[in-house]
Amino acid sequence: MLPAKARLNKAEDFSLVVRTGQRAGTRHVAVHLLSTSSEEPPRAGFVVSAKVGNSVIRHRVTRRLRHQILPMLAGLAPGTHVVVRALPAAAGATSTQLSADLTAGIGQASLKMARKSAAQVSR
RNA sequence: UGAGUCGGCCGGGCAACCGCGUCAGCGACGCCAACGCGUCGGUGUCGAGGAAAGUCCGGGCUCCACAGGGCAGGGUGGUUGUUAACGGCAACCCGGGGUGACCCGCGGGACAGUGCCACAGAGAACAGACCGCCUGGCAUCGCAAGGUGACCAGGUAAGGGUGAAACGGUGGUGUAAGAGACCACCAGCGCCGCAGGUGACUGCGGCGGCUAGGUAAACCCCACCCGGAGCAAGGUCGAGAAGCAUCGGCGUGAGCCGAUGUGCGCAGAUGUUCGAGGGCGGCCCGCCCGAGUCUGCGGGUAGACCGCUGGAGCCUGCCGGCGACGGCAGGCGGAGAUGGAUGGUUGCCGAACGGGACCGCCGAGAGGCACCCGGGAACAGGACCCGGCUUACAGGCCGGCUCAUCCA
RNA sequence: UGGGGUAUGGUGUAAUUGGCAACACUAGGGAUUCUGAUUCCCUCAUUCUAGGUUCGAGUCCUAGUACCCCAG
């Protein structure tokens, strides 16, 4: 379990991030990123649907993702919300693969976000 | 030794470092009048299953409804027990399967009534003459006895063929041919008596009419049972927002933005040209705006907390019982999360399985044991709790019983 | 978590009381034609799976699988 301050736990927060945030897909996960105006530390949440597998598989995927993402949160700007959706391929992935995909996904999404905000400033 | 059958148990192990959830101390910081609360750090403690699963039954618990009885609707279905209860379980009965241990059965009623039984077949439910068999007539052949029949009238359910099913079976008497028409035995049905059993039912004996189809997982009848919803039940504490009013700012304006106050319902008091309350002001006078204001009680959104884990609990021994189970005594007691805690990295040991080698042992051989290398564990995760059922499951351990074979 | 529903050719749908699984489109093959279109004919089903009741099951019963919907 993540520290209470680093958790997303409202359904509205989830839908907001997934709908309006920047998205980046990899082989095992899809990362949604949204920066908010608040000065609180970054928050993360996970979506693992029944398509990934049965309860045992889903929990294992969630646990692995949770432990992999914890050090990455420190590198994000305050107020950032992250939602990680696990894709069906994640069921058979190892922790190292998941970690690599997470890093890549967050990198791509934050790049998109930076480009978008830069465009807004220049406009 | 081999084959089989029934039951019980286990369901990877031991460590290291980092990390997580509960609870209890400790320390630091912050808040508070206080009780205490929050955050961080660190220590200790405990931390998924035999099915936690499917959600198919039953119960506890909570709220709502409820005099009793009946109807409707749903469920169950051999008997006797067991239990908090059950559609579970145990023993027994009946039917079927197996050499046997043992296994399987939605196992009440088809004499309460209704419906259905396609196709085939002559006929399918108080049945039916297609072929066949027999008698008579008629025709015909023949000297006659008698024979024959694309004919007519009648008898006949023994035989053929159809079907899932054709109205007891075998043998005889009988007859024109036949038939429970009659007889013997057998099967089956009903009634009576005796004996055994709590009972389902069983055994023996007698009598009767001679034969009664299937389907109730078709409607239905009979007996018994069932109020509804579910812990997101339910309870406790309870912001705020919207709206409205006033003020300020912006805008030609509709309006927008900000600040302050007031939340909602009910009751009471008071008040609307006889002025509640508010503004200006240090106060009074005065001036202005003007329909609400005050008090009490109650409901309640977000959210938080409780419910939340000690329960029909587990283990051992003794006693009662064939058994399910019950009684007594002693002992043990250790998940409670809420976007949801068990993960990551690694070491040692390791089952199944795959391969190698013919040097060891057994064997005629195939092969087995041992050896070496590889390999690295099934189904599957709590979400209020418990009793069952069902389904999934790599593999291992233990015990009872049966059959076959060998040895003594 | 609780409640409800569906499953039939490749696709979309039928099948009153249990009795030969029907229709449309698509696909493949054939016929007609000099060739093509049109037209006609034929082919394509373990009725989701397993077991049961029945003479007989798409239909009735039991268990399972997959998918969908509803409440919060």
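Below, chains carry the letters A, B, ... as their sequence lines are ordered, and counting in each starts from 1.
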Is [N] paired to anything, Watson-Crick or G-U wobble with both distances less than 3.5 Å, and if yes, which nucleotide?
{"N": "B:rA124", "answer": "none"}
{"N": "B:rA157", "answer": "none"}
{"N": "B:rU198", "answer": "none"}
{"N": "B:rC314", "answer": "B:rG331"}
{"N": "B:rC220", "answer": "B:rG109"}
{"N": "B:rG21", "answer": "B:rC46"}
{"N": "B:rA304", "answer": "B:rU236"}
{"N": "B:rC266", "answer": "B:rG296"}

Taking the [atom1] atom in each of [N] and [M], what is the distance between them to the nearest angstrom?
{"N": "B:rA179", "M": "B:rC138", "atom1": "P", "result": "31 Å"}
{"N": "B:rA122", "M": "C:rA15", "atom1": "C1'", "result": "35 Å"}
{"N": "C:rC48", "M": "C:rA7", "atom1": "P", "result": "8 Å"}
{"N": "B:rG375", "M": "B:rU391", "atom1": "C1'", "result": "32 Å"}
{"N": "B:rA242", "M": "B:rU260", "atom1": "P", "result": "12 Å"}
{"N": "B:rG113", "M": "B:rG213", "atom1": "P", "result": "13 Å"}
{"N": "B:rA16", "M": "B:rA84", "atom1": "P", "result": "48 Å"}
{"N": "B:rU114", "M": "B:rG108", "atom1": "P", "result": "23 Å"}

Quiz item: Are A:V31 and A:V82 side-chain neighbours, meaning at least one heavy-atom pair lies under 4.5 Å?
Solution: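 Side-chain contact under 4.5 Å: yes.
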Indicate yes or no: at least one non-hydrogen side-chain atom of A:F46 is less than 4.5 angstrom from one of A:I69.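 They are in side-chain contact.
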Of the non-hydrogen atoms in [X] and [Y], which two are nearest, and what is the gap between them?
{"X": "A:L98", "Y": "A:H28", "result": "CD2-CB, 3.9 Å"}
{"X": "A:I106", "Y": "A:L33", "result": "O-CD2, 4.2 Å"}
{"X": "A:G105", "Y": "A:A24", "result": "O-CB, 3.5 Å"}
{"X": "A:T26", "Y": "A:A104", "result": "CG2-CB, 4.5 Å"}

Using the purine O4'-C1'-N9-C4 or pyrimidine O4'-C1'-N1-C2 torsion, is [N] syn (within 90° of 0) or anti?
{"N": "B:rG227", "result": "anti"}
{"N": "B:rG180", "result": "syn"}
{"N": "B:rA48", "result": "syn"}
{"N": "B:rG25", "result": "syn"}

request  = Not counting sequence neighbours, which residues clear side chain to side chain contact (heavy atoms under 4.5 Å, CB included) with A:Q68? List them please.
outcome  =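 Residues passing side chain to side chain contact (heavy atoms under 4.5 Å, CB included) with A:Q68: A:S95, A:S99, A:L102.
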Mind checking side chain to side chain contact (heavy atoms under 4.5 Å, CB included) for A:R23 and listing every partner two or more places apart, or none if nothing turns up?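 Here the qualifying residues are A:H32, A:R85.
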task: Would you tell me if any nitrogen or oxygen in the side chain of A:R66 comes within less than 4.0 Å of OP1 or OP2 on B:rG19?
output: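 It does not, given that no N or O in the side chain of A:R66 lies less than 4.0 Å from OP1 or OP2 of B:rG19.
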Could you list the protein-to-nucleotides 378-383 of chain B atom pairs, N/O on both sides, closer than 3.5 Å?
from, atom 1, to, atom 2, distance (Å)
B:rG381, OP2, A:S55, N, 3.4
B:rG381, OP2, A:V56, N, 3.2
B:rG382, OP2, A:S55, OG, 2.8

Query raised in the report: Given B:rG344, B:rG339, B:rG340, which nucleotide is nearest the side-chain atoms of A:Q68?
Result: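 From the listed options, B:rG344 comes nearest.
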